[in-house]
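Here's the structure, in structure tokens; my notes come after.
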There are 2 protein chains.
Amino acid sequence: MAAEETSDGSPSETSEPSETSETSDEAPDRGPRERMVFSAAQLIRRGGVAATGMRDVAVHAQAPRGSLQHYFPGGKEQLVNEAVGWAGRYAGNRVARFLAALPEPTPAGLFAEMVRQWTDEYESTGFAAGCPVAAATVDCAESTASTRQAVAAAFTAWTGPVARALAGMGVPHERTEPLATLMISSLEGAILIARAEEDVRALTTVARELAPLLDAAVTVSRGPAGELPAKGAD
Amino acid sequence: MAAEETSDGSPSETSEPSETSETSDEAPDRGPRERMVFSAAQLIRRGGVAATGMRDVAVHAQAPRGSLQHYFPGGKEQLVNEAVGWAGRYAGNRVARFLAALPEPTPAGLFAEMVRQWTDEYESTGFAAGCPVAAATVDCAESTASTRQAVAAAFTAWTGPVARALAGMGVPHERTEPLATLMISSLEGAILIARAEEDVRALTTVARELAPLLDAAVTVSRGPAGELPAKGAD
DNA sequence: TAGCGCCTATGACAGCGGTCATAGTAGCCG
DNA sequence: CGGCTACTATGACCGCTGTCATAGGCGCTA
């Protein structure tokens with residue numbers, strides 16, 4: 001359960017196993033190293049960075065404590081940064097899957113899917129966890145420069161796919177990024193409120209209220225198959 | 001510098017000095033107790049709850065460390081809860097002042113003012129601090145039930161005035177609360193992104209993108225003086 | 001002056017958390 | 001077999017933090 005392609009265990013840099021855009025799915029137990037990054041993100045999601053101890057991460061990942069030193073010589077800071085990076089990539093990758101799940105891609109539909117991921121979790125497993133990127137921002141933005149940068153990169157890795165998806169739906173280029181920012185901002189804020197209230201009300205509210213604005217941004221009409229006129233082409 | 005009207009120093013409950021809706025302004029040095037609550041909020045804003053030590057609060061408030069035990073027998077939990085409560089009341093009270101500052105009250109104008117408070121701070125003093133309520137949510141929502149409730153109350157104390165302001169601008173009653181939630185969600189999320197990027201871009205973006213949707217919600221026309229037709233009256 | 005509240009002042013303590021140091025195991029190569 | 005590398009395993013250290021305990025000052029009433 002922990003062998004074979006652990007060749008990426010170079011404790012040097014944050015060198016991913018080359019293929020970054022793989023199916024970094026729910027619980028990647030590709031090896032103890034990834035398990036620890038994933039566990040760190042999970043624990044940060046719940047109690048924040050400061051409340052997440054290295055020993056806790058090792059226990060949660062069912063990994064030996066000594067391996068933390070081995071795989072993350074940069075200490076907690078490195079581990080947190082990689083957890084944040086993983087979360088950003090994860091969020092970005094999900095966008096494509098959301099699109100695939102939509103019968104007909106619309107901005108409001110995409111946003112509804114993004115929100116639904118959270119309402120589903122909260123209604124099934126409770127309000128214990130939030131967004132790890134938000135947690136890292138709150139806890140480390142001022143104290144740890146490298147983590148602040150990791151968080152910024154995570155937001156970029158999330159906003160990018162959303163903006164490209166909007167472009168693919170016919171949203172004019174100059175509005176894709178602003179709207180993506182608006183979507184993610186609203187979602188993050190609604191997650192906070194939902195956790196505080198232990199109620200998904202805020203999440204469903206932002207999805208409903210933002211829907212018309214998002215769909216109204218589609219100005220380029222699509223063909224019957226959903227394809228867009230190519231840039232510059234007729 | 002620490003005498004006279006410290007009659008509110010009852011270390012019992014969270015008994016405010018009767019007049020709650022006073023001008024709880026920037027730095028209320030009404031007494032050492034309020035100073036400590038205010039300082040706690042300030043420090044939580046920066047590094048989160050866990051990174052905020054009791055000793056740090058005392059130093060920041062220029063208050064004796066022993067007073068913490070005296071005024072907050074409930075320990076850190078009580079202090080954090082009161083800081084969150086203060087922040088919620090503060091945010092709620094500012095709404096009225098925003099309205100007064102607007103030449104002609106519109107939903108988008110109110111939101112722009114709410115956002116501007118943050119862009120002003122970030123552009124003048126830097127991106128060191130975020131929202132204390134968000135920080136408390138991230139750090140305590142799962143671990144400390146009382147703080148989670150305090151956070152929920154703070155959001156309510158903030159959403160309420162915003163919703164009432166919207167109602168006063170002609171937004172139909174069934175949309176005031178949803179729109180207030182949307183405004184606060186977007187703002188909170190944009191604060192996170194702004195801190196991460198050390199750029200006010202996200203803040204200005206949500207203000208700009210949300211503006212038409214907010215103003216479009218005004219359905220009841222106002223009279224020339226800005227007054228509304230009374231509920232049920234002609 | 002004594003007594004008694006409010007508040008202040010410190011020292012101690014117990015626990016925890018990140019990190020270092022050291023040593024042990026497993027597999028592979030020669 | 002020796003030696004090397006990758007990984008695991010623990011124990012210890014040091015600093016910090018929330019809290020408790022104890023005691024000191026201060027202002028009032030009697």
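Just so we're on the same page: letters track the sequence lines, and every chain starts at 1.
Near-neighbour residues of DNA chain C inside residues 44-55 of chain A, defined by a heavy atom below 4.0 Å, number-ordered: A/T52, A/G53, A/M54, A/R55.
Residue order along DNA chain C, read from the 5' end via each residue's closest nucleotide, puts B/G66 first among A/K76 and B/G66.
Residue A/L68 contributes atom CG, which lies 10 Å from atom P of C/dG18 at whole-angstrom precision. One atom, CG of A/L79, and another, P of C/dG17, lie 15 Å apart when rounded to the nearest Å. For A/H70 and C/dT25, the NE2 to P distance is 18 Å, given to the nearest whole Å. Spacing between atom CD of B/E77 and atom C1' of D/dG18 amounts to 12 Å, rounded to whole angstrom units. With rounding to whole Å, B/R35 atom CZ is found 13 Å from C/dT8 atom C1'. One atom, CG of B/D56, and another, P of D/dT19, lie 14 Å apart when rounded to the nearest Å. Going from atom CE of A/M36 over to atom C1' of D/dC7 covers 10 Å, rounded to whole Å. Between the CZ atom of B/F72 and the P atom of D/dT17 there is a distance of 19 Å, given to the nearest Å.
In DNA chain C, consecutive stretches of 3 or more Watson-Crick or G-U wobble pairs with both distances under 3.5 Å are given as paired ranges: C:1-5 with D:26-30, C:7-30 with D:1-24.
Sorted by first and then second residue, the salt bridge (Lys or Arg N to Asp or Glu O under 4.0 Å) pairs with a member in residues 44-64 of chain A read A/R45-A/E121; sequence neighbours excluded. Pairs passing the ring pair (Phe, Tyr, Trp, His ring centres under 6.0 Å) check and including a residue from residues 118-143 of chain A, sequence neighbours excluded, read A/W118-A/Y122, A/Y122-A/F127.
A donor-acceptor pair under 3.5 Å is formed between the side chain of A/T159 and the backbone N or O of A/F155.
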Protein-nucleic acid N or O pairs under 3.5 Å, nucleotides 21-24 of chain C:
none

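Under the 3.5 Å distance criterion, with hydrogens and angles disregarded, no donor-acceptor pair is assigned to the side chains of B/E113 and B/Q117. Between the side chains of A/S146 and A/E77, at least one donor N or O sits under 3.5 Å from an acceptor N or O.
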Extract all donor-acceptor atom pairs below 3.5 Å that involve side chains of residues 176-186 of chain A and protein atoms in other chains or at least two apart in sequence.
unit_1: A/T176; atom_1: OG1; unit_2: A/H173; atom_2: O; d: 3.0
unit_1: A/T181; atom_1: OG1; unit_2: A/E177; atom_2: O; d: 3.1
unit_1: A/T181; atom_1: OG1; unit_2: B/R201; atom_2: NH1; d: 3.1
unit_1: A/S185; atom_1: OG; unit_2: A/T181; atom_2: O; d: 2.9
unit_1: A/S186; atom_1: OG; unit_2: A/L182; atom_2: O; d: 2.8
unit_1: A/S186; atom_1: OG; unit_2: B/S186; atom_2: OG; d: 3.1

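The two residues A/A135 and A/V49 have their closest heavy-atom pair at O-CG2, 4.4 Å. Nearest heavy atom pair, residue B/I191 against residue B/C131, reads CG2-N, 4.3 Å.
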Quiz item: Between B/F38 and B/R33, does a side chain to side chain contact (heavy atoms under 4.5 Å, CB included) hold up when you go through it step by step?
Solution: CA-CA 9 Å; B/F38 174 74; B/R33 193 181 193 280; over 6 Å; no
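A/C140 has its side chain out of reach of A/R148: every pair of non-hydrogen atoms, C-beta onward, lies at least 4.5 Å apart. A/T144 is not listed as a side-chain neighbour of A/D139, based on a closest heavy-atom distance of 4.5 Å or more.
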